[in-house]
Amino acid sequence: MTRTNSDSATTSVLSQAGIPNGEVTITRIFDAPRDLVFRVWTDPRHVARWWGPTWFTNPLCEMDVRPGGAILIHMADPDGVVYPMKGMFREIVEPERLVFTSSAFHDEDGTPLFEAVNTITFQEEGSKTKVTVQAVIINAKPGAEGPLSGMEEGWNQSFGKVADLLAEIRA
């Protein structure tokens, strides 16, 4: 996927964040059938339990899972500081693929520090499911370097929480 905003400020921020090509791709295999894994990614009650780094919670998780539907997740750190993430679903092919935008760290005018297009694919691997997240940064402003440099680790920690939730559901 190509960035829609390849201005020099975005390119500089991405380079400083360690994402010089503007893309983070992570793959994990979950010990659960694809339909269940897809449901855990599209039911806001489930997403609220796994979204974000290990010690973060999500006191608000609203998802209108349809093309053009909105996503709003309030991610809270252990000190209670809330980081809203907004987005919109672009494509839903159940149970194979989700595409949605996300933006975070909005200023008082509502302008985000960065925006991404996220493509999540769900592939059957026997009784397991291979999930690939491809996050393409389409816009990044100075100040986004810190959050962007932690994006890969944040997704990996979220995947750990997904695995735990799937094991709990299947138990």
Side-chain angles (χ1 to χ4, degrees), residues 1-4 19 22-78 80-106 112 114-139 147-148 150-171:
M1 187 173 284
T2 305
R3 283 197 312 265
T4 59
I19 310 174
E23 179 178 313
V24 172
T25 301
I26 300 165
T27 300
R28 178 82 54 94
I29 296 177
F30 294 100
D31 188 14
R34 181 167 69 165
D35 287 342
L36 176 59
V37 176
F38 190 85
R39 190 169 5 118
V40 164
W41 278 75
T42 55
D43 182 326
R45 293 171 300 164
H46 292 312
V47 175
R49 293 188 56 197
W50 64 258
W51 186 271
T54 302
W55 303 111
F56 283 61
T57 60
N58 299 293
L60 176 68
C61 183
E62 298 175 350
M63 301 169 62
D64 181 4
V65 184
R66 62 180 176 83
I71 305 165
L72 176 61
I73 300 174
H74 284 187
M75 192 170 62
D77 71 14
V81 177
V82 173
Y83 301 96
M85 186 286 292
K86 299 176 183 180
M88 183 182 68
F89 285 101
R90 288 185 170 182
E91 180 182 348
I92 295 133
V93 180
E94 188 175 342
E96 300 171 7
R97 177 180 163 99
L98 293 171
V99 180
F100 62 93
T101 61
S102 59
S103 63
F105 301 97
H106 299 81
F114 69 88
E115 299 171 278
V117 175
N118 307 281
T119 302
I120 295 83
T121 57
F122 305 83
Q123 294 178 284
E124 288 181 321
E125 300 263 330
S127 62
K128 299 180 181 188
T129 304
K130 179 180 177 182
V131 176
T132 301
V133 171
Q134 177 191 45
V136 177
I137 310 307
I138 57 173
N139 191 14
L148 289 173
M151 180 180 278
E152 185 171 354
E153 181 60 27
W155 274 114
N156 278 317
Q157 290 180 18
S158 290
F159 273 10
K161 290 163 64 174
V162 169
D164 292 345
L165 178 59
L166 288 166
E168 179 184 318
I169 290 170
R170 296 189 79 204

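Predicted model only: the values in this text are computed from it and were never measured. Keep in mind that the numbers below use all heavy atoms, side chains included, and drop hydrogens, waters and symmetry copies.
- Rounded to the nearest 0.5 angstrom, Q157 CD and K161 NZ are separated by 8.0 Å.
- Applying the side-chain contact (heavy atoms from CB on, under 4.5 Å) test to A76 and every residue at least two apart in sequence or in another chain returns T57, P59, V82.
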Where do R28 and I26 land on the side chain to side chain contact (heavy atoms under 4.5 Å, CB included) test, with the steps shown first?
-> CA-CA 7 Å; R28 178 82 54 94; I26 300 165; 5.6 Å; no

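- Evaluation of the side-chain hydrogen bond (donor to acceptor under 3.5 Å, both in side chains) rule for T121 yields no partner, not counting sequence neighbours.
- Counting all heavy atoms, side chain and backbone alike, T129 lies closest to A32 at OG1-O, 2.7 Å.
- Nearest heavy atoms, F159 versus F30: O-CE2, 3.4 Å.
- Inter-residue side-chain proximity for K86 and P112 is flagged as unmet; no heavy-atom pair is nearer than 4.5 Å.
- Interatomic distance, CD1 of I29 versus OG1 of T132, reported as 9.0 Å (0.5 Å rounding).
- Taking OG of S102 as the start and CD1 of I137 as the end, the distance is 7.0 Å to the nearest 0.5 Å.
- For S158, there are no side-chain hydrogen bond (donor to acceptor under 3.5 Å, both in side chains) partners, not counting sequence neighbours.
- Under the 4.5 Å side-chain criterion, counting only non-hydrogen atoms from C-beta, W51 is not in contact with I71.
- Applying the side-chain hydrogen bond (donor to acceptor under 3.5 Å, both in side chains) test to N58 and every residue at least two apart in sequence or in another chain returns nothing.
- For the salt bridge (charged side-chain N to carboxylate O under 4.0 Å, His left out) condition, no pair includes a residue of residues 114-129, sequence neighbours left out.
- V99 places a side-chain heavy atom less than 4.5 Å from the side chain of R97.
- Counting heavy atoms from C-beta outward, F122 and L98 have side chains that approach closer than 4.5 Å.
- A distance of 7.5 Å separates CE of M85 from SG of C61, quoted to the nearest 0.5 Å.
- Shortest non-hydrogen contact noted between M151 and A135 is SD-CB, 3.9 Å.
- Closest non-hydrogen pair, P53 versus M75, comes out as CD-SD, 3.8 Å.
- In this structure, the side-chain contact (heavy atoms from CB on, under 4.5 Å) partners of P147, at least two apart in sequence or on a different chain, are F105, F114.
- Contacts of D31 classified as salt bridge (charged side-chain N to carboxylate O under 4.0 Å, His left out), with partners at least two apart in sequence or in another chain: R170.
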Listing, residues 35-49 side-chain donor-acceptor contacts under 3.5 Å, not counting sequence neighbours, or none:
unit_1	atom_1	unit_2	atom_2	d
T42	OG1	F38	O	3.0
D43	OD1	R45	N	2.8
D43	OD1	R45	NE	3.2
D43	OD2	R45	NH2	2.7
R49	NH1	E168	OE2	3.2
R49	NH2	E168	OE1	2.8
R49	NH2	E168	OE2	3.0

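- Residues passing the side-chain hydrogen bond (donor to acceptor under 3.5 Å, both in side chains) test with E152: none are found, sequence neighbours excluded.
- Among residues two or more places apart in sequence or in another chain, the side-chain contact (heavy atoms from CB on, under 4.5 Å) test is passed with E62 by L60, L72.
- Under the salt bridge (charged side-chain N to carboxylate O under 4.0 Å, His left out) criterion, the residue pairs touching residues 65-78 are D64-R66, with sequence neighbours excluded.
- In this structure the side chain of F100 reaches within 4.5 angstrom of the side chain of I120, judged on heavy atoms.
- The CG atom of D164 sits 9.0 Å away from the OG1 atom of T54 when rounded to the nearest 0.5 Å.
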